[in-house]
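Residues: numbered from 1 along the sequence shown. Everything numeric here is computed off the predicted structure, so don't read it as measured data.
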Amino acid sequence: MDWTKIYKKYKGQWIALASDEITVIANGDTAKEALGKANERGYSNPILNRVPSEFITFAGAHEISL
């Protein structure tokens, strides 16, 4: 799935998506705001996602020592 346009438009925001995982129903600075807007538009159970503020490339494995 190509979310390039979504990332460019909603960078750093929370988005509420329709079940097709592409259609943005609402957006906001917080998950609560995005969900509230989606609910106002008649969507009771959207998919919430936080769009990163910046892209960080990662390849390979990362080991955490405890």
request  = Might you point out which heavy atoms bring I22 and I6 nearest each other, and give the distance in Å?
outcome  =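 Reported closest heavy-atom pair: O-CD1, 3.4 Å.
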Non-hydrogen atoms of A34 and A16 that approach each other most closely =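 For A34 versus A16, the nearest heavy atoms are O-CB, 4.1 Å.
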For residues 39-54, which side-chain N or O atoms pair as donor and acceptor with protein atoms under 3.5 Å away, sequence neighbours left out?
unit_1 : atom_1 : unit_2 : atom_2 : d
N39    : ND2    : L35    : O      : 3.4
R41    : NH1    : I25    : O      : 2.5
R50    : NH1    : G12    : O      : 2.5

Salt bridge (Lys or Arg N to Asp or Glu O under 4.0 Å) contacts in which one or both residues fall within residues 22-36, not counting sequence neighbours =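 Residue pairs with at least one partner in residues 22-36: E33-K37.
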key: Check against side chain to side chain contact (heavy atoms under 4.5 Å, CB included), Y7 and I15   = CA-CA 10 Å; Y7 284 121; I15 57 173; over 6 Å; no
key: Any residue meeting side-chain hydrogen bond (donor to acceptor under 3.5 Å, both in side chains) with T23, in chain and number order, not counting sequence neighbours   =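 With neighbours one apart ignored, the set is D20.
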task = Using atom types as modelled and distance alone, determine if a side-chain donor or acceptor of W3 lies under 3.5 Å from a backbone N or O of E21.
result =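 The answer is yes, because a donor-acceptor pair under 3.5 Å joins these two groups.
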